[in-house]
Asker: 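Below is a structure I'd like to ask you about.
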Amino acid sequence: TQSFLGGDQRRTQLTQSVLEYAQESQESNPTVVIWLLDQTPSAKKLREKVVSEIRLFQPESNKDGFESLVVGFSGDGLNIATKSPTSDPKKIGESLEGLEESEVEKESTFRNLKECVENFQYLRQRDRKSVMLVMVTDESGDDAQEQQEGTSLADLAAQQLKKTSIPLFVIGYAAPFGRISDLVEGKTPKTTYGPETAFPERVSLAMWNGSTDIFRYDSGFGPWNLEKACRESGGRFLADRPAQRSIRLVSKKIGRAHV
């Protein structure tokens with residue numbers, strides 16, 4: 001019997017890892033994958049890349065496979081594209097393609113993550129299905145430290161994932177070592193990718209010519225709050241490293257870009 005994965009080599013290792021995990025989960029218990037995609041303008045390339053890979057599914061190959069839900073998010077809140085879980089790749093593809101880019105640039109990552117878990121926790125509690133949440137986002141989130149009832153949204157989202165036993169997998173960009181952005185220091189970043197720790201811990205010391213450019217390199221981890229939520233819930237942060245961004249992340253040790 002052909003598997004849901006289809007053996008298509010055009011998928012990246014990141015997407016393949018998610019599908020393999022879901023397939024293994026389905027073998028032991030009915031499983032629902034919630035695809036939670038960032039609709040903000042900065043996430044367009046990453047979102048389109050992942051959507052194109054998901055759409056490589058063969059319609060006839062998932063008759064007994066796991067189910068999916070498609071949800072978008074932005075500063076406007078959640079956009080639930082599929083109202084109930086489905087294993088029909090055509091419906092999943094149509095839902096993914098139907099997610100339009102938001103005009104709101106604010107990344108309300110953790111508020112939307114928390115609300116998404118609250119909306120679909122019935123799948124675990126009532127239906128007794130296994131659930132895994134796959135978030136696709138390019139940044140670290142603008143609302144991690146926003147407070148709700150005296151607790152940060154990042155911590156509340158992580159607690160909700162643990163409480164419902166829903167592992168979080170994030171497909172996103174690796175955090176630059178000790179920085180919130182991979183831009184040259186002194187410039188105001190429009191996008192934030194880090195840091196990989198709770199607070200930046202790198203001491204910024206300039207070279208003889210005053211440049212700190214050589215110290216911009218990949219930390220090997222995701223942004224702190226997303227990485228933390230993934231690990232505490234039993235999931236993983238899966239770092240995508242596109243070539244156009246990797247050339248800006250210079251390795252101090254080997255003197256070339258991570259690709």
Side-chain angles (χ1 to χ4, degrees), residues 32-43 46-47 69-83 99-127 129-175 179-181 188-201 221-238:
V32 178
V33 178
I34 303 174
W35 301 96
L36 182 60
L37 291 92
D38 187 343
Q39 293 179 264
T40 59
S42 65
L46 179 62
R47 182 178 63 252
L69 280 164
V70 177
V71 183
F73 75 92
S74 67
D76 287 331
L78 293 177
N79 176 13
I80 300 175
T82 51
K83 304 302 180 184
L99 291 177
E100 298 181 355
E101 182 175 304
S102 171
E103 296 181 356
V104 181
E105 294 188 2
K106 181 180 179 180
E107 305 265 349
S108 299
T109 304
F110 295 96
R111 184 179 301 278
N112 285 304
L113 175 58
K114 175 177 175 290
E115 291 181 2
C116 184
V117 176
E118 291 172 346
N119 282 350
F120 296 108
Q121 61 186 356
Y122 74 88
L123 295 169
R124 290 285 296 137
Q125 299 169 345
R126 187 192 70 190
D127 299 350
K129 294 182 178 180
S130 297
V131 178
M132 56 183 289
L133 202 158
V134 184
M135 173 179 275
V136 180
T137 184
D138 64 321
E139 295 190 56
S140 57
D142 297 330
D143 62 344
Q145 300 307 317
E146 288 185 16
Q147 299 291 304
Q148 189 174 60
E149 299 179 358
T151 305
S152 70
L153 286 176
D155 286 342
L156 287 173
Q159 291 168 13
Q160 194 70 14
L161 289 163
K162 290 173 65 178
K163 179 181 178 181
T164 54
S165 298
I166 297 177
L168 173 66
F169 293 79
V170 176
I171 298 177
Y173 296 149
R179 303 167 64 102
I180 64 170
S181 171
T188 302
K190 292 183 179 179
T191 54
T192 56
Y193 302 117
E196 80 286 4
T197 51
F199 302 97
E201 296 180 355
F221 299 94
W224 169 258
N225 288 297
L226 287 175
E227 181 87 53
K228 180 171 176 283
C230 288
R231 295 194 181 209
E232 290 185 353
S233 65
R236 289 177 60 194
F237 186 94
L238 302 167

Asker: For the residue pair A158 and E232, what are the closest heavy atoms and their distance?
Answerer: CB-OE1, 3.7 Å

Asker: With side chains defined as the heavy atoms from C-beta onward, is the minimum distance between I34 and C116 less than 4.5 Å?
Answerer: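 In contact.
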
Asker: Is there a side-chain contact between L36 and F73 in this structure, where contact means two heavy atoms from C-beta onward sitting under 4.5 Å apart?
Answerer: yes

Asker: Heavy-atom count check: over 12 atoms from other residues, nucleotides or ligands less than 6.0 Å from E100 CD?
Answerer: no

Asker: Considering all heavy atoms of both residues, which atom of N112 and which atom of S108 are nearest to each other, and what is their separation?
Answerer: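 Looks like ND2-O, 2.7 Å.
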
Asker: May I ask you to test the L133-F120 pair for a side-chain heavy-atom distance under 4.5 Å?
Answerer: no

Asker: Is the side chain of S152 donor-acceptor paired with the backbone N or O of D155 at a distance under 3.5 Å, no angle test?
Answerer: yes

Asker: Roughly how far, to the nearest 0.5 Å, is the CG atom of L69 from the OG1 atom of T82?
Answerer: 4.0 Å

Asker: Can you pull the side-chain hydrogen bond (donor to acceptor under 3.5 Å, both in side chains) pairs that have at least one residue in residues 159-170, sequence neighbours excluded?
Answerer: Q121-Q160

Asker: What closest approach, in Å, do G141 and F110 show between heavy atoms, and which atom pair accounts for it?
Answerer: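 Nearest pair, atom of G141 first, then F110: CA-CE1, 4.4 Å.
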
Asker: More than 12 foreign heavy atoms under 6.0 Å from CD of E103: is that the case here?
Answerer: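 Counting other residues, nucleotides and ligands, CD of E103 stays at 12 neighbours or fewer.
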
Asker: Does a side-chain N-to-carboxylate-O contact under 4.0 Å join K106 and D76?
Answerer: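 No, this pair does not count.
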
Asker: Are I166 and L123 side-chain neighbours, meaning at least one heavy-atom pair lies under 4.5 Å?
Answerer: no

Asker: Which pair of non-hydrogen atoms, one from E227 and one from G222, has the smallest distance, and what is that distance?
Answerer: OE1-N, 2.7 Å

Asker: How close do T109 and D143 get, heavy atom to heavy atom, and via which atoms?
Answerer: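 Here T109 and D143 meet closest at N-OD1, 3.2 Å.
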
Asker: Should M132 and F169 count as side-chain neighbours, where that means a heavy-atom distance under 4.5 Å?
Answerer: yes

Asker: Under a 4.5 Å cut-off applied to non-hydrogen side-chain atoms, are L161 and V117 in contact?
Answerer: yes

Asker: Report the residue from I171, T137, L99 that forms a side chain to side chain contact (heavy atoms under 4.5 Å, CB included) with L37.
Answerer: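 Only one option passes, and that is L99.
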
Asker: Which atom pair, heavy atoms only, marks the closest approach of L226 to E139?
Answerer: CD1-O, 3.6 Å

Asker: Closer than 3.5 angstrom, by distance alone: can the side chain of R47 be matched with the main-chain N or O of D38 as a donor-acceptor pair?
Answerer: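 Looks like yes, one N/O pair under 3.5 Å.
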
Asker: How far does CZ of F237 sit from NZ of K228, to the nearest 0.5 angstrom?
Answerer: 15.5 Å

Asker: Do the side chains of D127 and Y122 get nearer than 4.5 Å, heavy atoms only?
Answerer: yes

Asker: Just by modelled atom types, is the S74 backbone N or O under 3.5 Å from a matching donor or acceptor in the T40 side chain?
Answerer: no

